[in-house]
Protein chains: 2
Amino acid sequence: MSSDQIKTRTRILVSTQKLLETNPTKAVRMFDIAKDAGLSRQALYLHFPTRSELLIATTRYLDEILNVDQRLVPSRVAEKGTDRLRLYIEAWGNYIPEIYSVGRALMAVQDTDDAAKAAWEGRMQAVREGCLAVVKQLKADGDLVPELSTKQATDVLWGLVSVRMWEHYIQSCKWSQKRYIEVTHQMARQVLLGHA
Amino acid sequence: MSSDQIKTRTRILVSTQKLLETNPTKAVRMFDIAKDAGLSRQALYLHFPTRSELLIATTRYLDEILNVDQRLVPSRVAEKGTDRLRLYIEAWGNYIPEIYSVGRALMAVQDTDDAAKAAWEGRMQAVREGCLAVVKQLKADGDLVPELSTKQATDVLWGLVSVRMWEHYIQSCKWSQKRYIEVTHQMARQVLLGHA
DNA sequence: CGTGTCAATTGACACTGTGTAAAGTTAGGA
DNA sequence: TCCTAACTTTACACAGTGTCAATTGACACG
């Protein structure tokens, strides 16, 4: 009974992710998701109160099955700040493409839905925490360029690793994921450490 | 007759800009614009075929009355590449806040409207041209860091001065416009020239 | 003075997509 | 056998965009 409910719910989440992934251009409607998950549009509302909540749940689900936390462990345990910086950019930067489709949909509804806005901002705030930790360690190591305050440095790094920047390099500039990581790392070093 | 038509059209454009500016949070509907411009919602369609076209026309109108081209002249006539870089960042970076409200609305409909997408991308492509010109001059001066190709350097500068980055620093990080310009300039120097 | 034209109005309607509501179906478990 | 949970079908409310037809009011021209 309960395990069956979980199955349907999961099926919906999987369908949502899949459709967002495969239709980067067209809008994915509740109807499309329902069809793909094999139930009626109305039945979706038995599991998720609104489209926004469904999108939010899908990002959470992705975070879970893709193991964000675990991916960030290597950077967190690095001893040197510079290593931590590199590992953080690699981990998060390589995670972005996996959540981008859903993230994009979530960003799109932020203007019309407060819950979606809060969810996405919370998500991004967590990224900022990661940046802050990196910056603090760089500072402790005496590697942080003196002109930048901790807040400024964090905000700068946060911007460099933002989803929008990834979007810019990958979509608008057609860079490879590999180059994106390299250049972002290079830029972060140059700006935060004052040299390559 | 004709001048009267132009007046109404302009009134609509002004209302559109004004409403987008004053309601950064809420969606501005055709009804709202019509009310503000003092005519019926349907009458808007006598001047603009769709909401997207209205938004596009509004950005063009803004470009015109705010004199983008003229603002970019100083950077274009600079003799040294480094001066050109600074002047470009100042001119464009200080222009962004003036078009942001409309640009934001235009970005928001890109998923659903191809014309809007093309218009905005064209707009951004023009910015890229500006970046390219800056990079070429830096390279001609021998000031460009050797690791970056012209394309790479252009894409990087393009990203640094993108509307999304401005949004990030001004909205998410609550930076002042002044600091935004300073830090962006600093970052551009560091990344493109290899030093501050 | 009448006529034509043009901007705009009013009222009605089609369409899309989200979300709600009610009544009925089906399968499994006590 | 009865109950319950999950789901279905049908129907509808609502918002917002875009279309259409008939009408009005002003103004210019001969």
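Per chain, numbering begins at 1; letters A, B, ... match sequence-line order.
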Using the six-membered ring wherever Trp is involved, compare the ring planes of Trp166(B) and Tyr100(B) and label them parallel, tilted or perpendicular (cut-offs 30° and 60°).
tilted

In B/S/- notation, 5' to 3', how is nucleotides 19-27 of chain D contacted by protein heavy atoms closer than 4.0 Å?
BB-------

Using side chain to side chain donor-acceptor pair (under 3.5 Å), reason through Tyr61(B) and Gln17(B) one step at a time and then give a plain yes or no.
CA-CA 9 Å; Tyr61(B) 173 68; Gln17(B) 196 276 329; over 6 Å; no

Specify the residues of residues 102-113 of chain A, ordered by number, for which at least one heavy atom lies under 4.0 angstrom from an atom of DNA chain D.
none

To the nearest Å, give me how far apart CG (Leu55(B)) and P (dT17(D)) are.
10 Å

Figure out the CZ/C1' separation between Arg51(A) and dT16(C), and round it to whole Å.
13 Å

Closest-nucleotide ordering on DNA chain C, the 5'-leading residue of Arg29(A) and Ala43(B):
Ala43(B)

Spacing of Leu44(A) atom CG relative to dA6(D) atom P, expressed in whole Å
15 Å

Quick one: does Arg164(A)'s side chain have a donor or acceptor within less than 3.5 Å of a partner on Gly159(A)'s backbone?
no

Salt-bridged, Arg60(B) to Asp63(B), with N to O below 4.0 Å?
no

Treating Asn23(B) as the side-chain partner and Lys26(B) as the backbone partner, does any N or O pair qualify as donor plus acceptor under 3.5 Å?
no

Taking only N and O in the side chain of Thr8(A), is any of them less than 4.0 Å away from OP1 or OP2 of dC7(D)?
yes

Would you say the ring centroid of Trp175(A) lies under 6.0 angstrom from that of Tyr180(A)?
no

Side chains of Lys139(B) and Thr150(B): donor-acceptor distance under 3.5 Å anywhere?
yes

So, is His47(A) close to the dA6(D) phosphate, meaning a side-chain N or O under 4.0 Å from OP1 or OP2?
no

Quick one: Met30(B) CE to dA15(D) P, roughly how many Å, whole number?
19 Å

Under 3.5 Å, is there a donor-acceptor pair between the side chain of Thr184(B) and the main chain of Ile181(B)?
no

Nucleotide dC7(D), atom P - distance to CZ of Arg9(A) in whole Å:
12 Å

